Amino acid sequence: MAFVVRKDLEFFRLEGEQSPTWVVRDPLTGDCFRLGAEEHFLLRAFQESRRHEQIVADFAARFDGRQLQPNELESLLSDWIRHRFVLTSRTGPRPASAGWSRALQWNPLAIRFRGWNPQQFLERTEPWVQFLFSRGFGVVSLLVMVAALLAALTEFRTITWELAELPRLFTPQLLLLAMGTLFLCRALHEFGHAFTCRRNGGACPEMGVMLLAFIPCLYCNVTDAWTFPRRSQRAAVSGAGIVVDLWVASVALLLWSLSGPGLFHSLCLLVAVTGSINSLLLNGNPLMRYDGYFLLSDFTGIPNLRAEAMQQSRRVLWRSLLGSRRQETATFSPALAAYGFASAIYLWLVIGLILYGIHLFLKPQRLEVVAVLLGCVVVPSMLFSAVVGMRREYAEESQLRGGSASRRTIAGIGLVCIGIALLFVPFPRWISGTGVLRPENAHLLVAPAAGVVRQMPGTGMAVQSGQTLVILDDVELELERRKLETRLQTASRREEAIFRKQTQLDDSAAAIQLSRELRLAINDQMTQLTKRREQLEMTAIREGTFLGLSAGKRNAAEESVSLISVPTLDGQPEGQAVSTGTSLGMVVDAETSELLLTIPEYWSGEVVIGQQVCVYVPELGGRYLRGEIVDLAASTSERFEKATTPDYEILQHYEQQQPGAESSSHLLATVQLTTDTPYPLTFFQICPSRIEVAPASLMTRMTQFFQRTFPSTI
């Protein structure tokens with residue numbers, strides 16, 4: 001087979017590396033690849049069209065007599081052909097399996113669309129951004145980040161509190177605004193890479209959009225950074241996006257702390273949280289091929305870090321299966337092998353979380369099957385790529401290692417046993433629920449009739465047993481009382497008149513008796529009226545703290561923000577009208593609380609009394625409280641329809657706001673908290689919870705998942 005090395009390849013020598021290293025760039029595609037000293041020497045030699053015998057002799061002279069093996073040269077030529085450094089004369093039809101191989105390797109979770117060339121824009125705007133690279137701006141930025149960190153630590157509880165309500169504040173009308181703001185922040189991230197690359201002498205030939213897990217994201221091609229001679233230059237380009245994210249997040253957090261509640265306040269919190277999480281957990285994570293990975297690669301000086309780490313981890317696998325090599329040609333690194341295993345596990349974990357997130361997003365629309373079909377595309381494609389590579393490498397390693405057939409059989413049986421154990425051995429399991437924190441053994445005050453509040457203590461006021469708390473005025477009752485008083489006065493005057501003229505009347509005795517009976521009847525009505533008025537005066541039957549509850553219907557804006565706090569009357573409660581059955585307040589013990597918990601009904605076979613529960617209380621800033629289920633109801637649908645108490649009303653309102661609520665049903669449980677809290681908790685907070693149920697194997701979980709997803713077919 002005749003071949004020729006391309007003459008247009010560009011070579012760059014890197015400085016500060018542990019061993020001589022070059023980068024070769026394809027000027028047609030802009031792709032860059034690192035070469036070691038030996039590979040660089042051979043590629044240059046073939047590029048100069050030297051004879052094969054001369055190349056072997058020059059190679060031995062250049063590298064202290066090391067002889068170039070034919071299989072090494074074949075492997076190098078195969079890599080060069082794959083990278084299109086070498087043009088061959090081989091022609092012929094492409095194998096039919098190649099199309100299937102390419103189709104199976106397609107990943108719908110990462111789709112890239114080619115964009116535009118921003119080079120001209122970068123050249124025009126570069127003078128305007130030069131100050132961003134000055135030492136003074138760096139000092140100011142560092143102070144801003146430190147101030148933002150201190151603000152975050154100081155207001156951590158408030159941040160977690162507002163984050164719980166943040167999704168509710170962005171209605172469908174404001175969702176596009178939130179997405180546009182985040183997209184702008186992402187654009188600043190990519191321009192940070194582009195301007196830094198430009199400042200160090202590189203070019204940015206392409207900037208476009210990619211769908212990462214179907215979420216639009218920008219990308220920036222700064223492959224030219226590979227050609228920079230100094231490691232510090234390459235690290236600056238890799239870390240520029242993270243620095244921009246942290247700077248934007250810091251400024252947004254400071255603006256959030258200075259602004260009042262409103263749309264701008266919420267947008268600042270959204271930018272601050274997403275910017276910091278995006279930088280630290282996504283871009284800064286070295287286990288994925290993002291900014292943190294390239295920073296780690298530059299820091300360690302290991303080119304193709306992930307490929308090298310995966311090769312080291314596979315050496316552990318082949319050594320376990322096939323035994324040691326007859327002659328080791330490379331140094332083994334336990335750190336790289338551990339990194340390879342960690343990155344592989346993390347990749348599968350991320351894929352699983354993405355598919356699960358898509359499933360949760362589509363579940364309210366009854367489109368869970370789309371997530372399942374997507375998994376059937378993504379997972380086999382990844383497994384296919386892994387199996388093809390492992391199969392080819394297994395054939396090579398079998399020839400290089402001296403393991404016996406019995407060793408391979410035992411290792412294979414061990415792998416099968418591990419796979420069976422992963423599928424069928426039960427391991428701990430937690431299921432999710434949603435609860436509302438409520439007082440334990442509360443005395444609820446309910447309006448017995450429609451009226452107007454004349455007296456009510458303020459929320460948080462300490463009350464004693466027997467103390468009059470709420471007094472209502474009933475207008476109709478007051479009118480009836482006045483009518484009865486008028487009738488009683490009329491009857492009394494009539495009776496007095498009859499007494500004065502009883503000598504003149506023949507039937508005076510009968511008239512007096514009739515008048516007395518009428519007055520007694522009116523007095524009886526007055527007594528009944530007094531009892532009814534006494535019912536409008538509500539007293540405390542126990543000591544505790546009074547909590548005033550909302551009297552009347554709240555508007556949508558108030559309902560959306562009242563789920564994490566005690567709903568109270570607007571302004572002074574006196575003078576506000578209430579209807580029959582309205583919850584006016586309750587007397588509680590502020591030191592004790594419990595949880596009213598809803599659980600999806602399909603977990604009915606897993607939940608029993610006595611199970612442990614972890615309760616996330618928003619105001620505790622991430623701390624979990626422990627609890628135990630002490631009561632369990634069969635269904636909550638009927639109770640929700642007749643809900644009158646605040647805990648049921650708030651939980652009902654929350655559940656009805658969730659997508660697909662009209663077709664879902666729940667269990668109802670009472671959870672007694674067993675963890676002591678540093679201070680009394682605010683009642684009627686919505687608290688996500690996790691319930692520890694019986695362990696289940698992976699096969700059982702998958703079966704239950706498909707039963708829930710396809711209830712009519714399984």
Side-chain angles (χ1 to χ4, degrees), residues 436-482 484-485 523 525-554 558 562-596 619 642-651 670 672-673 676-685:
V436 59
L437 200 66
R438 67 181 184 183
E440 188 177 357
N441 300 323
H443 172 213
L444 182 65
L445 303 177
V446 180
V452 177
V453 178
R454 175 153 56 98
Q455 174 184 320
M456 180 184 292
T459 296
M461 178 179 175
V463 298
Q464 302 296 324
S465 178
Q467 178 181 344
T468 300
L469 300 178
V470 180
I471 300 178
L472 299 180
D473 288 334
D474 189 340
V475 177
E476 295 182 358
L477 199 64
E478 184 65 21
L479 291 176
E480 186 176 354
R481 183 186 65 80
R482 293 182 180 180
L484 290 176
E485 288 179 350
N523 285 329
Q525 295 181 23
M526 289 287 292
T527 302
Q528 296 296 327
L529 194 63
T530 301
K531 292 181 180 180
R532 290 169 57 188
R533 289 185 61 187
E534 291 176 353
Q535 292 179 356
L536 298 180
E537 296 183 3
M538 286 160 275
T539 59
I541 61 174
R542 51 172 295 176
E543 295 182 357
T545 303
F546 180 81
L547 297 181
L549 304 178
S550 178
K553 183 70 173 176
R554 298 185 298 273
E558 291 171 334
S562 65
L563 295 178
I564 60 171
S565 60
V566 178
T568 58
L569 290 170
D570 301 327
Q572 296 296 329
E574 288 79 6
Q576 295 196 25
V578 297
S579 59
T580 304
T582 300
S583 299
L584 300 177
M586 57 175 54
V587 180
V588 302
D589 182 359
E591 302 293 334
T592 61
S593 56
E594 62 183 13
L595 192 76
L596 180 65
E619 70 174 328
K642 300 179 180 180
T644 56
T645 57
D647 46 359
Y648 283 94
E649 290 179 349
I650 292 175
L651 200 54
T670 302
Q672 183 178 13
L673 299 180
D676 295 331
T677 56
Y679 53 85
L681 300 175
T682 303
F683 296 127
F684 308 123
Q685 300 182 73

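Quick caveat: nothing in here was measured; it's all calculated off a predicted structure.
Under the side chain to side chain contact (heavy atoms under 4.5 Å, CB included) criterion, Gln525 pairs with Leu484, Arg487, sequence neighbours left out. The side chain to side chain contact (heavy atoms under 4.5 Å, CB included) test applied to Gln467 returns Met461, Val463, Gln464, Leu469, not counting sequence neighbours. The side chain to side chain contact (heavy atoms under 4.5 Å, CB included) check on Thr539 picks up Thr468, with sequence neighbours excluded.
Once rounded to the nearest 0.5 Å, the distance linking CG of Leu595 with CD of Gln672 reads 12.0 Å. Atoms CZ and CG, on Arg542 and Asp589 in that order, are 6.0 Å from each other to the nearest 0.5 Å. Taking CE of Met538 as the reference point, atom CD of Gln455 lies at 10.5 Å (rounded to 0.5 Å).
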Item checked: Test log, rule side chain to side chain contact (heavy atoms under 4.5 Å, CB included), inputs Leu472 and Val453 -> CA-CA 5 Å; Leu472 299 180; Val453 178; 3.7 Å; yes

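Taking each heavy atom of Phe546 and Pro457 in turn, the nearest pair found is CE2-O, 3.3 Å. Nearest heavy-atom pair, Leu596 versus Leu651, reported as atom, atom and distance to 0.1 Å: O-CD2, 3.7 Å. The shortest non-hydrogen separation linking Phe683 to Ser593 is CE2-CB, 3.5 Å.
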